[in-house]
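All remarks here apply to the structure that follows.
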Amino acid sequence: MKSPSTALRPPVPARLGDYTMGGRTVLIVALALFVGAVSAFVAQALLALIGLVTNLVFYQRVATVLVAPGAIHHPAWLVVGAPVLGGLVVGLMARYGSEAIRGHGMPEAIEAILRGGSKIRPRVALLKPLSAALTIGTGGPFGAEGPIIMTGGAVGSLIAQTLSLTADERKTLLVAGAAAGMAATFNAPLASILLAVELLLFEFRPRSFVPVAAAVAVATALRWHLLGPNAIFPNPHALPPLGAGVLALCAVAGLVGGFVAWLATTLVYLAEDAFKHLPLHWMWWPAIGGLIIGIGGLFEPRALGVGYDVIGTLLAGQATLGLIVGILVVKTLIWSLSLGSGTSGGVLAPVFMIGAALGSLLAYVFPPVAPGFWALMSLAAVVGGVMRSPLTGVVFAMELTQRWDAALPLVIASAVAFLLSALVLKRSVLTEKVVRKGTHVTREYSVDPLEVFLVDEIMPRSFVCFRLGARLADAAAEAARGGPGGGQRRLAHAQRLYPVLDDAGRFVGLLTLQRLADTGAEVAANPQATIDGRVVPGAIVGHPDMTLRELANLMARHQVSSVPIVARDDPARLLSVMAMDQLLEARLRDLDEEHKPERVIDLLRLRPLAGGRVFARTPHKAEEQPDEVL
């Protein structure tokens with residue numbers, strides 16, 4: 001025997017499934033494989049270009065290997081002048097080339113996805129890596145991942161723009177290129193996919209996830225072939241068993257990391273606001289940011305550049321206190337202040353370095369666990385707080401070091417930092433810039449309540465319809481009353497669409513409220529006029545086994561606000577009339593679940609009996625009444 005709740009719900013149509021995916025996904029996967037391969041080579045070319053500029057500027061030699069600008073002592077004029085010159089050139093490129101190259105790449109990719117139809121201009125694909133190489137190669141304390149994301153995304157977008165694809169399909173290929181570039185740079189395929197899901201796709205659907213995963217797999221395989229499969233910052237030390245005290249301190253590290261993430265994010269946009277008040281064109285701002293970088297480089301030269309070598313030293317637990325404090329203070333200041341100038345460079349590598357330095361400092365206070373353990377915890381915490389992508393932070397930390405046994409403490413540190421960041425900051429460093437340009441970004445993903453309910457559960461059971469031959473005056477008078485009141489519903493809808501039936505009760509067409517409201521002159525001239533001449537045949541119809549989302553899409557596609565509901569197997573059998581505002585019923589139920597508190601079990605009304613069993617006292621009759629059924 002069916003339970004009452006089951007009996008009230010219609011059966012789920014067999015055509016509905018967990019996911020919606022068509023055959024075109026196979027085509028997009030094939031294209032993503034090519035995009036992933038191209039993006040892998042583009043990422044390696046960008047890293048080589050950064051190495052070339054760094055070697056030319058600081059070491060006066062032709063080489064493409066990545067080197068640290070501050071590995072040896074340089075004259076003060078070079079340390080200060082190089083980033084100023086780099087910023088000046090980038091400012092000129094942005095003004096006379098494309099302003100889209102300003103910034104760290106991820107906000108620009110997000111904006112292209114949300115507002116630009118996932119279209120990136122070819123000029124940006126060329127100028128972005130050049131500007132990033134100049135900025136980082138002349139000492140900019142930035143990472144290559146932001147420009148790589150933008151450049152890889154541009155590759156995917158440009159390939160998509162040469163084909164006849166939808167905006168969603170272009171978005172998939174854009175993100176596939178971006179994630180492939182990340183994977184080829186960091187040898188972190190899983191973290192790159194998570195970054196795409198948490199930050200760029202704004203959905204989790206097979207049609208986008210599978211192509212992104214395919215592109216990342218190709219890019220990672222090529223990376224292994226070119227550079228080997230080893231982790232960037234390998235740490236061979238196994239973790240000992242972790243007690244409750246150490247796990248509690250991981251939460252403390254998360255709190256401290258979340259605070260540093262808040263501070264760094266705040267500094268970035270305080271600097272941006274300060275630059276806007278300067279009486280100079282924004283073209284000159286990157287040069288001023290370069291001056292800040294150069295002054296910081298005089299105090300701590302190892303804060304300049306990408307700094308992979310410094311990150312490795314910190315994660316290995318081999319950094320001196322002077323290096324730790326210098327990186328934590330100088331890197332944070334020059335990165336955040338110069339990024340606010342609008343220069344070109346990424347955020348991920350600097351965040352890695354700041355987080356690792358913070359953890360290395362905490363290691364002087366916290367009990368020893370393993371070399372680099374606290375640096376790793378704080379790295380994940382700061383990434384989770386700055387980027388608001390906690391899962392990405394956890395997996396990045398494990399893939400960068402191959403320390404898979406640190407999953408639990410990393411989850412604790414990253415989640416706590418994410419919690420603190422979400423509480424104290426409305427926007428992350430990745431979305432604030434997009435919002436300042438007028439685009440609201442939400443990072444909360446949930447199941448659409450319109451996807452949960454079927455039309456049959458919401459459609460009204462009483463409605464007004466007319467038969468052929470009915471007097472026009474009577475129909476107009478009925479329409480003026482607004483249809484059935486629906487007194488038992490939270491939303492009482494005035495009916496605006498009136499189905500018309502023939503003598504056999506078969507649906508033949510419809511009348512709109514507007515057509516009935518304009519009948520005054522005709523009724524005055526002929527009181528016996530009928531509705532037959534005003535019936536519109538061939539109406540757009542819905543079906544009771546549709547989800548409310550399908551019905552809403554149908555209404556939006558045909559630009560109608562009401563549709564008759566007919567049986568799928570018999571289009572002439574009328575069942576109901578649905579209006580757009582009636583779809584709010586599902587939204588109201590969802591809002592109730594989110595905001596209406598209720599006590600399901602009242603512990604004060606439970607009384608234990610012998611044997612340890614617990615029985616609830618029988619409620620009064622008034623309490624047995626169910627909630628109002630919609």
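Thr25 pairs by the side chain to side chain contact (heavy atoms under 4.5 Å, CB included) definition with Met21, Val29, Arg207, not counting sequence neighbours.
By the neighbour-count criterion of 12 heavy atoms within 6.0 Å, atom CH2 of Trp404 is densely surrounded, having more than that number from other residues, nucleotides or ligands. No more than 12 heavy atoms of other residues, nucleotides or ligands shown are found within 6.0 angstrom of CZ on Phe34.
Between Phe275 and Trp285, the ring planes are tilted. Angles from 30° to 60° get that label.
Taking CD of Glu399 as the reference point, atom OG1 of Thr392 lies at 10.0 Å (rounded to 0.5 Å). Leu174 contributes atom CG, which lies 12.5 Å from atom OG of Ser208 (distance to the nearest 0.5 angstrom). Atom CE of Met398 and atom CG of Leu190 lie 7.5 Å apart (nearest 0.5 Å). Note that OH of Tyr308 is 4.0 Å distant from CZ of Phe186, once rounded to the nearest 0.5 Å.
Counting heavy atoms from C-beta on, the side chains of Leu163 and Leu31 come closer than 4.5 Å.
Formation of a donor-acceptor pair under 3.5 Å by the Asp309 side chain with backbone atoms of Val67 is not found in this model. With Ser360 contributing its side chain and Ile324 its backbone, the two residues share no donor-acceptor pair below 3.5 Å. Side chain of Ser378 to backbone of Ala375: no donor-acceptor contact under 3.5 angstrom is found. Lys331 places a side-chain N or O within donor-acceptor distance of the main-chain N or O of Ala303, the cut-off being under 3.5 Å. The closest donor-acceptor contact from the side chain of Thr266 to the backbone of Trp262 lies under 3.5 Å.
Across every non-hydrogen atom of Thr343 and Ser338, the tightest pair is CG2-O, 3.6 Å.
A distance of 6.0 Å or more separates the ring centres of Phe233 and Phe352.
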